[in-house]
Trainee: 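Handing you a structure now.
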Amino acid sequence: MADPNPSIPKPDLHGSINHVSITVSDLPEAMKFFGPLLKFLGYTVGGIFDDNRTGGRLTININESNGTALNIWQAKAEHPFAVYEPGLHHVAFNVQRHEQVDELFALVRSLGAEILDGPGEFPFGPGGYYAFYFLGPDRLKFEIVHMPLAEQNYRRMIQALERGAR
């Protein structure tokens, strides 16, 4: 049977990101930055604990609304992060509304982040891409982005789910 609403995105875990893990040189200090940022983004910020399997220390931070986790680990060796070395380039977080980009810009600047670019429009997404880029603890690069098309698709998906639940 043909799908009666083929343009409505379907929620699907297949291929979605489960978690991203990053390392920092000073975990408690880094959490002074990441705690407020992640709370704003809807994450439950976990406490620092020892992982007996690896001998490492970490915090697991979960956004229960979408199932994504950002794990932050204490680095074991002294090696500064560099964006253009092999490995992680940056992590980008979606927000649901344009004004949240500006709110997070003010928050991360107040937390001492180095702003690299924006906030402003960038040519990276159909229908608009309003974002800014910054360096957090250990000069790790992050991005906050609002894509109106993604917001519209998300709202249509939620409306379709709500109609189906009635």
Trainee: Name all residues meeting the side-chain hydrogen bond (donor to acceptor under 3.5 Å, both in side chains) criterion together with Gln96; count only those two or more places apart in sequence or in a different chain, and write none if there are none.
Mentor: none
Trainee: Could you walk me through whether Leu135 and Leu116 satisfy the side chain to side chain contact (heavy atoms under 4.5 Å, CB included) test, starting with their C-alpha distance in whole Å, then the side-chain angles of each, then the deciding distance to 0.1 Å, before giving a yes or no?
Mentor: CA-CA 7 Å; Leu135 297 179; Leu116 299 174; 3.6 Å; yes
Trainee: Give the minimum heavy-atom separation between Pro28 and Gln74, together with the two atoms involved.
Mentor: CD-OE1, 4.3 Å
Trainee: For the side chain of Thr59 and the backbone of Gly46, is there at least one donor-acceptor N/O pair under 3.5 Å apart?
Mentor: yes
Trainee: Taking ring-ring contact (aromatic ring centres under 6.0 Å, His included) as the definition, give me every residue that meets it alongside Tyr130, ordered by chain and number, with sequence neighbours left out.
Mentor: His98
Trainee: Can you check whether Gly136's main-chain N or O pairs, donor with acceptor, with Glu114's side chain at less than 3.5 Å?
Mentor: no
Trainee: Check for a donor-acceptor pair, side chain of Glu85 on one end and backbone N or O of Ala82 on the other, with a separation under 3.5 Å.
Mentor: no
Trainee: Should the ring pair Phe33 and Phe134 be called parallel, tilted or perpendicular, given that the plane angle runs from 0 to 90° and is split at 30 and 60?
Mentor: tilted
Trainee: Please identify each residue that fulfils salt bridge (Lys or Arg N to Asp or Glu O under 4.0 Å) with Arg109, with sequence neighbours left out.
Mentor: none
Trainee: Strictly by modelled atom types, are Asn63 and Thr68 linked by a side-chain donor-acceptor pair under 3.5 Å?
Mentor: no
Trainee: Looking at Val95, is its backbone amide N or carbonyl O close enough to the side chain of Gln100 to form a donor-acceptor pair, meaning the two atoms are under 3.5 Å apart?
Mentor: no
Trainee: Using side-chain heavy atoms (C-beta onward) and a distance below 4.5 Å, is Val45 in contact with Leu70?
Mentor: no
Trainee: Under the side-chain hydrogen bond (donor to acceptor under 3.5 Å, both in side chains) rule, collect the residues that match up with Thr44, sequence neighbours excluded.
Mentor: none
Trainee: With heavy-atom distances below 4.5 Å as the criterion, would you say the side chains of Val101 and Leu104 are in contact?
Mentor: no
Trainee: Just how far is it from atom OH of Tyr43 to atom CD1 of Ile60, taken to the nearest 0.5 Å?
Mentor: 13.0 Å
Trainee: After noting the C-alpha distance and the side-chain angles of Asp138 and Asp26, does the key distance pass the side chain to side chain contact (heavy atoms under 4.5 Å, CB included) rule?
Mentor: CA-CA 9 Å; Asp138 293 301; Asp26 185 339; over 6 Å; no
Trainee: Does Arg57 offer a backbone N or O that forms a donor-acceptor pair with the side chain of Asp50 under 3.5 Å?
Mentor: no
Trainee: Check side-chain contact (heavy atoms from CB on, under 4.5 Å) between Phe124 and all other residues, then give those that pass, not counting sequence neighbours.
Mentor: Phe122, Tyr129, Tyr133
Trainee: For Asn94, which residues count as a side-chain hydrogen bond (donor to acceptor under 3.5 Å, both in side chains) partner, sequence neighbours excluded?
Mentor: none
Trainee: Shortest non-hydrogen contact from Gly127 to Pro148?
Mentor: O-CG, 3.5 Å
Trainee: Who passes side-chain hydrogen bond (donor to acceptor under 3.5 Å, both in side chains) against Glu29, sequence neighbours left out?
Mentor: Lys32
Trainee: After noting the C-alpha distance and the side-chain angles of Val108 and Phe142, does the key distance pass the side chain to side chain contact (heavy atoms under 4.5 Å, CB included) rule?
Mentor: CA-CA 10 Å; Val108 301; Phe142 295 91; over 6 Å; no
Trainee: Carefully, step by step, assess Trp73 and Asp51 under the rule side chain to side chain contact (heavy atoms under 4.5 Å, CB included).
Mentor: CA-CA 10 Å; Trp73 291 76; Asp51 178 10; 3.5 Å; yes
Trainee: List in chain and number order the residues that pass side-chain contact (heavy atoms from CB on, under 4.5 Å) with Leu149, two or more places apart in sequence or in another chain; answer none if no residue qualifies.
Mentor: Pro126, Gln152, Asn153
Trainee: Can you give me the closest heavy-atom contact between Asn61 and Asn71, atom names plus distance?
Mentor: N-OD1, 4.2 Å
Trainee: Could you tell me which residues satisfy ring-ring contact (aromatic ring centres under 6.0 Å, His included) with Phe49, sequence neighbours excluded, listed by chain and number?
Mentor: none
Trainee: Under the ring-ring contact (aromatic ring centres under 6.0 Å, His included) rule, collect the residues that match up with Phe105, sequence neighbours excluded.
Mentor: Phe132
Trainee: Considering residues at least two apart in sequence or located in another chain, which fulfil the ring-ring contact (aromatic ring centres under 6.0 Å, His included) criterion with Phe81?
Mentor: none
Trainee: For Ala30, which residues count as a side-chain contact (heavy atoms from CB on, under 4.5 Å) partner, sequence neighbours excluded?
Mentor: Val24, Phe34, Pro137
